[in-house]
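Below is one structure, written out as structure tokens; the observations come after it.
Lettering follows sequence order; numbering is per chain, from 1. Heavy atoms only: backbone and side chains are in, while hydrogens, waters and symmetry mates are out. Computed from a predicted model, the values in this text were never measured in an experiment.
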Amino acid sequence: MSQETMPLVADTVTKHDEPAWMIDKRRAAMDQMPTLKMPRVQRFDYRYWQMMPSTEIHWQSSSASLAQSDLDTTTAKADDQQISIVQVGQTTTQVKLPAELGQQGVLVMDLFDAMREYPELVKPHLMTNVIKTNETKLTSYHMAMLTSGIFVYVPRGVAVNQPIEAHIIQDSTKTDHPLISHVLIVAEAGSEFAFTQHLSTVGEAANIANCFVEIDAAEDSRVRFSSLDAFGPKTVTYFERRGLAANHANIDWAVGLLNDGNTIGNIDTNLLGEGAETDSKMIAITDGTARMGINNGVTNRGKHSVGNILQRGVLLGRSQLVFNGIGDIIHGASGAKAEQENRLLMMSNEARGNANPILLIDENDVLAGHAASVGQVDQQQLYYLMSRGIDRQQAQRLVIRGFLGVVLSAIPAKTVRQELITTIERKLTDEN
Amino acid sequence: MSTLEVKDLHVEVQDGESGAVKEILKGVNLSMSTGEIHAIMGPNGTGKSTLSETIMGQSAYHVTQGDILLDGNSILDMPVDERARRGLFLAMQYPAEIPGVTNAEFLRAAINARRPKDDQISVMSFLKELDKNLDLLDMNEAMPERYLNEGFSGGEKKRNEILQLLMIKPAFALLDEIDSGLDIDALQVVAKGVNSMRGDNFGALIITHYQRLLNYIKPDVVHVMMGGRIVKTGGADLALKLEDEGYAGLRDEFGLDVDLVDEN
Ligand SMILES: Nc1ncnc2c1ncn2[C@@H]1O[C@H](COP(=O)(O)OP(=O)(O)O)[C@@H](O)[C@H]1O
Ligand SMILES: [Mg+2]
């Protein structure tokens, strides 16, 4: 397919005024696509999903007004310290960055603008160190077809006190309009900040979402990433969220996967540096007939690196959820620690769930542990709550909240936590 | 005035491991009204918890004969939550732990569950009531924000049951071994809580192994239960007599054919 589509790619991106290196990168990605395999999610079959609907780029703008309902609920408390970026489809509709941060060199902006204005910052980081275009068919598809993105850059030693909030709204008021989005986060040495993203869908059309996040964390930096994924029922999602942590860098993930539609995804932190750390927390809820297959991994390469994975999933209806916790300890990572806990709660007899710890350990001097379980609602807890007059449905919701509690309470941003709770309650109420 | 009547109640449970069905309650009769405090004393393994759990509606206990009436109406077909909303409360011997749900949130949900949708308790009056009761029970102010019973000591759990009792204000409270594992100070606090509920609109059934608690909560009526039946009913002095003579003495006096697990 690359033979016919390559000129199309070149043509459309020239019109988009992209730098030559970007066009080359796209072309190379397109060329290598046929030789690559689809990404693997253990114990999860998505063979028949259409993940690459089109190999033509269509540039289309979306109206800012489509963002309104999403923003009303989440950023009502706007103040002049707020840092936020809003994208609808391929269009960046809003950017807020306090002037002082701008003066310190902090960047929060549209990725394509950044390619033109700050190529020296974007080029060395975009799909080079953290995620490589030649990993799988879908990583190269992503690079070739990329049509929206956000660039976040925090210079050496800068601590940003407010979270950087991104709203990425898939525009499914249009048909044949895939969301192919890339969040590139560059944390220079000693920087510290939190990034929060909200993913949602407007419109009823069936479209894919192919969303990548790369976090390149230089030594001693600390990045706290949170995400609330809430794409619509007709969206088929593939995400990659990857971090690369240098010496003593710290990347924390707190992810709430509440997509209504089919989803595959991969979260992974490469603890390259000595003493690098990651804490990866995830909650997923599946309902209806949705199917979700998630890899959550940590690679310990650096000596004394520490990786923790904590996942909780709740299955409703006839849904399917697979959690693979992948711990990879590379030879030489002495003193490394890797812990993971994956638990699923089945709320329905018709749901299917799998929690698989996968440990690959090639070093003796390590501490590694894992726990996994798939279980039903605790009847004792349910009885206790009901014996106080609380009806069965609400009692179930509380027990589920309790089950998710260890992850919920560990999510640092209170607003994200509250939003997550609200969305979870809505999903559980809808179910009943 | 409300009434709670247990009539010729026979209850079976199925053993979790062996699957064998055995009859635990063999015809219990009991009748009480609000305004009264009753106590049930009896040796371990005699069916006291079975009685209280069956009244509350725990589904593991199967009623094979007899009835339980609240204000003259059978509650046997009602689920647990409905019985609770109709006025029953069971302070459990082993309360469940629910991480992720705070005490405060749970209490509000429980209070609101028995109020109409358009008349939920206001945050202000809830907090006022909560503060008052925390004070009465000598409980830590941090308690409401802790997760429900999670990591609570035995004594904290018992106090927390009483806190719920004070907040929910049921018509009838069944208190199952609320004294077990408590030191004398904690026992007095728990008793203070229960005594503060005393009045025309409140009745309690206090289940205990020992007489000690009844020094602090004076019962109007004392029942002795052995071998799945109530074998004797009397006034507060019956508890004292039991304390002196032990269950074995009473058993021999009545010529009962029951095994006592712990002869005391
Ligand atoms: N849920 C249950 N499953 C199986 N056996 C039970 C259960 N509950 C109680 N029993 C049995 O019933 C008998 C009475 O127990 P219980 O009511 O707890 O007595 P008490 O509270 O007087 O100590 C005991 O032999 C106990 O093992
Ligand atoms: Mg008992």
Please check if atom [atom1] in [X] has more than 12 non-hydrogen atoms from other residues, nucleotides or ligands closer than 6.0 Å.
X	atom1	value
B:Asp15	CG	yes
A:Lys337	NZ	no
B:Asp119	CG	yes
A:Arg392	CZ	no
B:Asp71	CG	yes
A:His370	NE2	no

[X] portion near chain A, given a 4.5 angstrom heavy-atom threshold:
X	answer
B:Ile98	both
B:Glu105	side chain
B:Arg83	neither
B:Asn112	neither

What is the minimum heavy-atom distance between [X] and [Y], and which atoms define it?
X	Y	value
B:Ala110	A:Arg388	CB-O, 3.6 Å
B:Ala113	A:Gly389	CB-O, 3.2 Å
B:Ala109	A:Ile390	CB-CD1, 3.9 Å

Quick one, [X] and [Y] - any side-chain contact, counting heavy atoms below 4.5 Å?
X	Y	answer
A:Ser387	B:Met92	yes
A:Gln380	B:Gln58	yes
B:Pro99	A:Gln381	yes
B:Leu148	A:Leu385	yes

For chain A, which candidate among B:Glu82, B:Arg86, B:Arg114 shows the most heavy-atom pairs at distances under 4.5 Å?
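Top count of heavy-atom pairs under 4.5 Å with chain A: B:Arg114.
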How long is the gap from CD on B:Glu161 to OH on A:Tyr384, to the nearest 0.5 Å?
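Those atoms lie 3.5 Å apart.
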